[in-house]
There are 2 protein chains.
Amino acid sequence: MAGKIDSAGYEDILRAAGVRVTRPRRAILQIIETCEDHPDATEIYRRALKLDKSISLATVYRTMKVLEDKGAIHRHVFDNGPARFENAAHEHHDHLVDLDSGQLIEFHSDRIEALQEEIAARLGYSIERHRLVLYGRKLRK
Amino acid sequence: MAGKIDSAGYEDILRAAGVRVTRPRRAILQIIETCEDHPDATEIYRRALKLDKSISLATVYRTMKVLEDKGAIHRHVFDNGPARFENAAHEHHDHLVDLDSGQLIEFHSDRIEALQEEIAARLGYSIERHRLVLYGRKLRK
DNA sequence: TCATATTTGCAAACAGTTCTCATTTACATA
DNA sequence: TATGTAAATGAGAACTGTTTGCAAATATGA
């Protein structure tokens, strides 16, 4: 039922991060744990209001930073848009942006990952993280 | 000598784009044609002031948009920083960001490009453009 | 229950970028 | 070479996304 905050395992992530388990944080975590898309801060705020009607946008931003620092979420910036977030628990993937619909498609390629490592090594670097985004349009068949 | 605007071929790009050749545009184009780095709008503005001391930051932004629309420059956003620009005439490459120094290293891999095409095709898409950025640190040898 | 350090909501501040508008300028045509 | 007009400009206000300062509220350990 919307409006109720599920107290399930979400709290563990916060406790593991060594920060206090508060009502706003539980709401935000529940959202990013269960959502299927890549919401930005305003959208998370909108959704969180249904779970905790006194939450503020500032707290959303603060919580996203905490979660990002703890490695619990990833932050993406597509083109020049607002930052968008996703659960880091999902296995690693890159993104393809449908330029017509704006839809985000996830994909993964071990071969690309391996090539990236190879290139970085050749340049004398080790990769800490990377961002690969393809911008394209549907092929008409 | 700094302060003089070289009227060489830069204008062609503007004329080819079907826009008027103005003093501020000539200054900006000369900068992005000759610079070796990836300046942001404020930095381009700073440099342009030496060539045309009445130029405004708004015009820098407007010109960057015109040039981007015409395909003459590329716009990059690294992490959450300001947009940075580079001459599209350089052959295509991706970037490696040195997380310690902030240095940008350019690289290119036909194999990665080919893999990207392959993946997009498998998903039913054709790639219009892409962004690949590696964030890493120097290996100690 | 209590003490206290953390977190919060709010509003103000901030950075980067875009917009409005009156003035200036490029340049096609005469 | 002069001129009319649409395009471009500079200045600053406005806007979007994000961060911060602060007093009040709250989570957690004792």
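Just so it is clear: chains get the letters A, B, ... in the order the sequence lines come, proteins before strands, and each one is counted from 1. The structure displayed is predicted, hence computed values, not measured ones.
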Measure the angle between the two terminal helix axes of the helix from C:dT1-D:dA30 to C:dA30-D:dT1, five base pairs each, and quote it to 10°.
30°

Members other than A:L139 in its cluster, when Ile, Leu, Val, Met, Phe, Trp, Tyr link by side-chain heavy atoms under 4.5 Å?
none

For A:L134, the rest of its hydrophobic cluster, which grows through side-chain links under 4.5 angstrom:
A:L96, A:I105, A:F107, A:I112, A:L115, A:I119, A:L123, A:Y125, A:I127, A:L132, B:L96, B:I105, B:F107, B:I112, B:L115, B:I119, B:L123, B:Y125, B:I127, B:L132, B:L134

Check: A:H92/A:E113 side-chain N/O donor and acceptor closer than 3.5 Å
yes

Does any donor atom in the side chain of B:H130 or B:E117 lie under 3.5 Å from an acceptor atom in the other side chain?
no

Please state whether the phosphate of D:dG10, meaning OP1 or OP2, lies under 4.0 angstrom from any side-chain nitrogen or oxygen of B:T59.
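Yes, such a contact exists.
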
To the nearest Å, how far apart are [X] [atom1] and [N] [atom2]?
{"X": "B:D69", "N": "C:dT18", "atom1": "CG", "atom2": "C1'", "value": "14 Å"}
{"X": "B:R23", "N": "C:dT25", "atom1": "CZ", "atom2": "C1'", "value": "13 Å"}
{"X": "B:M64", "N": "D:dT9", "atom1": "CE", "atom2": "C1'", "value": "17 Å"}
{"X": "B:D79", "N": "C:dG16", "atom1": "CG", "atom2": "P", "value": "14 Å"}
{"X": "B:D52", "N": "C:dT24", "atom1": "CG", "atom2": "P", "value": "16 Å"}
{"X": "A:L67", "N": "C:dT7", "atom1": "CG", "atom2": "C1'", "value": "14 Å"}
{"X": "B:R25", "N": "C:dT25", "atom1": "CZ", "atom2": "P", "value": "15 Å"}
{"X": "B:I55", "N": "D:dA8", "atom1": "CD1", "atom2": "C1'", "value": "12 Å"}

The criterion is salt bridge (Lys or Arg N to Asp or Glu O under 4.0 Å); which residues satisfy it with B:E43, sequence neighbours excluded?
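Residues passing salt bridge (Lys or Arg N to Asp or Glu O under 4.0 Å) with B:E43: B:R46, B:R47.
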
Which atoms of nucleotides 14-21 of chain D (N or O only) lie under 3.5 Å from a protein N or O atom, and what are those distances?
residue, atom, partner, partner atom, Å
D:dT18, OP1, A:A83, N, 2.9
D:dT18, OP2, A:Y61, OH, 2.5
D:dT18, O5', A:Y61, OH, 3.3
D:dG21, O6, A:R62, NH1, 3.1

Under the ring-ring contact (aromatic ring centres under 6.0 Å, His included) test, which residues partner B:H38, sequence neighbours left out?
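So B:H38 forms a ring-ring contact (aromatic ring centres under 6.0 Å, His included) with B:H95.
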
Non-neighbouring partners of [X] that pass side chain to side chain donor-acceptor pair (under 3.5 Å), sequence neighbours left out:
{"X": "B:R122", "result": "B:E118"}
{"X": "A:H108", "result": "A:D110"}
{"X": "B:T42", "result": "none"}
{"X": "B:R137", "result": "A:E128, B:D100"}

Polar pairs (N or O, both sides) under 3.5 Å between protein and nucleotides 28-30 of chain D?
residue, atom, partner, partner atom, Å
D:dT28, OP1, A:V21, N, 2.9

Could you give all pairs that pass the side-chain hydrogen bond (donor to acceptor under 3.5 Å, both in side chains) test and reach residues 63-74 of chain B, with sequence neighbours left out?
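Output for this query lists B:E68-B:R75.
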
